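Since we're looking at a predicted model, the values are computed, not measured.
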Amino acid sequence: MKSDIVHEGLEGVVVTRTMLSRVDGEAGQLVIAGEDIETLAAHRSFEEATSRLFELAGLPSERMTERIAEGRALAFELLPRLEPALACREPMVALRVATDLLQEREVKDVAHLVGVLGFVAATHARRAAGKPALGPSGAGHAADVLRLFGEAAMPEGALDEARGRGLDAYLTTVIDHGMNASTFAARVVASTGSDVLSSVAAALGALKGPLHGGAPGPVLDMLDAIGEPENAMKWLEGQIAAKRRIMGMGHRVYRVRDPRAAVLEAACARLEAAGIRSARLPLARAVEKVARQVLAARYADRSLDTNVEFYTAVLLDTLGVARTHFSALFACGRVAGWLAHIAEQTAKGRLIRPDSLYVGPLPGRTG
Ligand code: COA
């Protein structure tokens with residue numbers, strides 16, 4: 001007997017068992033590969049976090065730094081073929097087109113895909129700034145991606161170790177997050193027996209949306225529009241009155257402040273301590289405070305708090321990345337989680353095929 005209970009948006013519906021990450025929305029706790037996000041971001045590099053996820057998913061997990069660097073080198077080698085991707089206006093479309101242009105047989109190691117996306121994101125940013133492609137190095141992924149981005153987005157000589165660590169903390173923080181929309185999209189495609197590139201392309205399509213990975217650019221637009229802390233209340237109340245969403249606030253699962261917000265805010269503070277000041281950090285903190293108040297007043301029975309995108313915007317801006325490329329960098333971190341989920345789903349071998357409740361016309365009952 002088919003149930004007529006409908007879970008729009010699948011909220012609270014458990015679709016699978018996973019070894020990879022656990023999101024506790026009530027407690028505001030995020031565990032990734034067996035570690036709290038605070039510990040993971042503070043003590044593991046992006047490559048180490050990737051390696052742990054891959055190991056849990058049954059994928060080869062050794063030599064991660066070298067393998068991801070090989071992926072950047074592979075993309076550099078394939079640059080003439082990737083030209084249509086670099087010519088795309090939108091960075092997220094460029095990443096998706098790049099996955100379409102690769103051939104499955106060329107990606108001998110899924111870790112290479114992590115490197116490919118990082119290289120394409122950075123090279124696309126260079127192209128947008130009118131700069132030629134640069135060859136990758138064998139350094140850590142975050143440092144090299146930032147170096148490649150760097151000449152496009154940062155003032156000359158501004159690169160340093162602290163910035164590399166800042167991006168590394170960001171990529172690690174967003175590496176995986178339970179059954180979020182893009183991960184689910186990847187798993188749905190993988191569950192049909194399709195290939196890894198198609199699964200990653202689906203995930204990229206889902207991440208592009210402003211309700212998922214597309215929010216940090218608009219967070220910065222919001223901070224610019226507010227300008228000064230004393231304007232925050234009026235501006236934010238205006239948004240609510242116009243039934244517009246405050247970007248970087250609210251979450252499908254978290255009923256408290258997203259723990260990643262604190263991790264990324266701390267990464268901004270570390271950059272500041274290293275002498276890399278963010279002009280927007282004090283304003284962001286003030287706007288966050290007012291946004292929480294405004295949302296609490298409007299939605300007394302629904303706790304809407306700061307999500308990961310709020311301080312993503314401040315951190316990536318401080319690192320010198322242009323706001324149009326924020327979502328692409330999100331994809332550069334999350335792709336490692338997608339690949340682990342794709343492997344986990346493939347190992348299960350169960351087609352994901354939910355049901356729907358038909359509410360349309362029935363034969364013979366019209367008019
Ligand atoms: N600003 C204003 N209102 C918001 C809001 C926000 N950021 N987030 C949720 N709401 C409102 C909804 O419009 C809804 O109002 P309604 O009952 O009057 O229609 C109410 O709060 C309950 O929404 P909820 O069910 O909690 O939201 P959701 O689970 O469907 O959406 C998000 C979750 C993330 C899509 C939503 O919070 C949002 O759009 N946030 C802004 C975009 C963003 O930062 N995305 C990144 C997520 S990591």
Side-chain angles (χ1 to χ4, degrees), residues 32 35-51 64-65 68-69 72 114-115 117-119 121-123 125-126 129 131 134-175 216-217 219-220 223 248 258-285 288 308-334 336:
I32 300 177
E35 289 189 306
D36 280 321
I37 185 61
E38 294 80 2
T39 310
L40 192 80
H43 300 295
R44 311 271 174 220
S45 67
F46 173 66
E47 282 88 344
E48 285 168 342
T50 301
S51 173
M64 199 52 76
T65 305
I68 293 177
R72 296 194 301 279
V114 179
L117 287 203
F119 181 81
T123 306
R126 297 184 67 77
K131 307 256 177 145
L134 272 184
S137 81
H141 191 53
D144 199 34
V145 166
L146 203 51
R147 177 184 67 85
L148 295 173
F149 255 98
E151 301 217 339
M154 281 197 276
E156 211 60 42
L159 277 171
D160 57 31
E161 223 186 297
R163 280 198 167 88
R165 279 201 307 274
L167 185 63
D168 190 79
Y170 171 69
L171 297 178
T172 305
T173 302
V174 300
I175 197 166
V219 167
L220 220 53
L223 294 178
D258 183 333
R260 298 168 299 174
V263 169
L264 297 181
E265 188 184 0
C268 293
R270 271 201 306 279
L271 284 175
E272 206 157 64
I276 304 163
R277 248 195 92 247
S278 159
R280 289 191 170 91
L281 186 57
L283 174 65
R285 286 180 168 140
E288 179 192 14
V308 63
E309 310 287 28
F310 199 87
Y311 286 99
T312 290
V314 184
L315 177 62
L316 296 184
D317 178 55
T318 310
L319 292 174
V321 176
R323 70 190 74 189
T324 38
H325 299 283
F326 288 178
S327 302
L329 273 177
F330 190 166
C332 290
R334 184 57 60 84

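- Contact between Ala49 and Thr172 at its shortest, heavy atoms only, is CB-CG2, 3.9 Å.
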message: Before you tell me yes or no, could you show the steps for Phe46 and Val114 under side chain to side chain contact (heavy atoms under 4.5 Å, CB included), namely the whole-Å CA-CA distance, both residues' side-chain angles and the distance that decides it to 0.1 Å?
response: CA-CA 11 Å; Phe46 173 66; Val114 179; 3.6 Å; yes
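- A distance-only check finds no donor-acceptor pair linking the side chain of Ser51 to the backbone of Glu47 [under 3.5 Å].
- Contact detail for Leu146 and Gly164: the closest heavy-atom pair is CD2-N, 3.9 Å.
- Classified by interplanar angle (parallel below 30°, tilted 30° to 60°, perpendicular above 60°), the ring pair Tyr170/Phe330 is perpendicular.
- With Asp258 contributing its side chain and Arg260 its backbone, the two residues share a donor-acceptor pair below 3.5 Å.
- Electrostatic pairing of Arg147 and Asp144 counts as a salt bridge here, judged by a charged N lying under 4.0 Å from a carboxylate O.
- For the residue pair Ala328 and Ala121, the shortest heavy atom distance occurs at CB-CB, 4.2 Å.
- Counting heavy atoms from C-beta on, the side chains of Leu315 and Leu167 never come closer than 4.5 Å.
- Counting only heavy atoms from C-beta outward, the side chains of Leu271 and Ser278 never approach each other to under 4.5 Å.
- In terms of heavy atoms, Gly118 sits closest to Cys332 at CA-SG, 3.7 Å.
- Atom-to-atom distance recorded for His43:NE2 and Asp36:CG is 11.0 Å, nearest 0.5 angstrom.
- Remark: Leu148 CG to Thr123 OG1 distance equals 6.0 Å, nearest 0.5 Å.
- With Cys268 as the fixed residue, the side chain to side chain contact (heavy atoms under 4.5 Å, CB included) test singles out one of Leu319, Val314, Asp317: Val314.
- Here the CG atom belonging to Leu220 is positioned 11.0 Å from the OG1 atom belonging to Thr312, to the nearest 0.5 angstrom.
- The minimum heavy-atom distance linking Phe119 with Pro136 is given by the pair CE1-CD, 3.9 Å.
- The line from CG of Leu329 to CZ of Arg334 is 13.5 Å long, rounded to the nearest 0.5 Å.
- Thr65 and Gly138 get closest at one heavy-atom pair: CG2-O, 4.4 Å.
- Atom-to-atom distance recorded for Thr318:OG1 and Arg280:CZ is 8.5 Å, nearest 0.5 angstrom.
- Taking CG from Leu117 and NE2 from His141, the interatomic distance works out to 8.0 Å, rounded to the nearest 0.5 Å.
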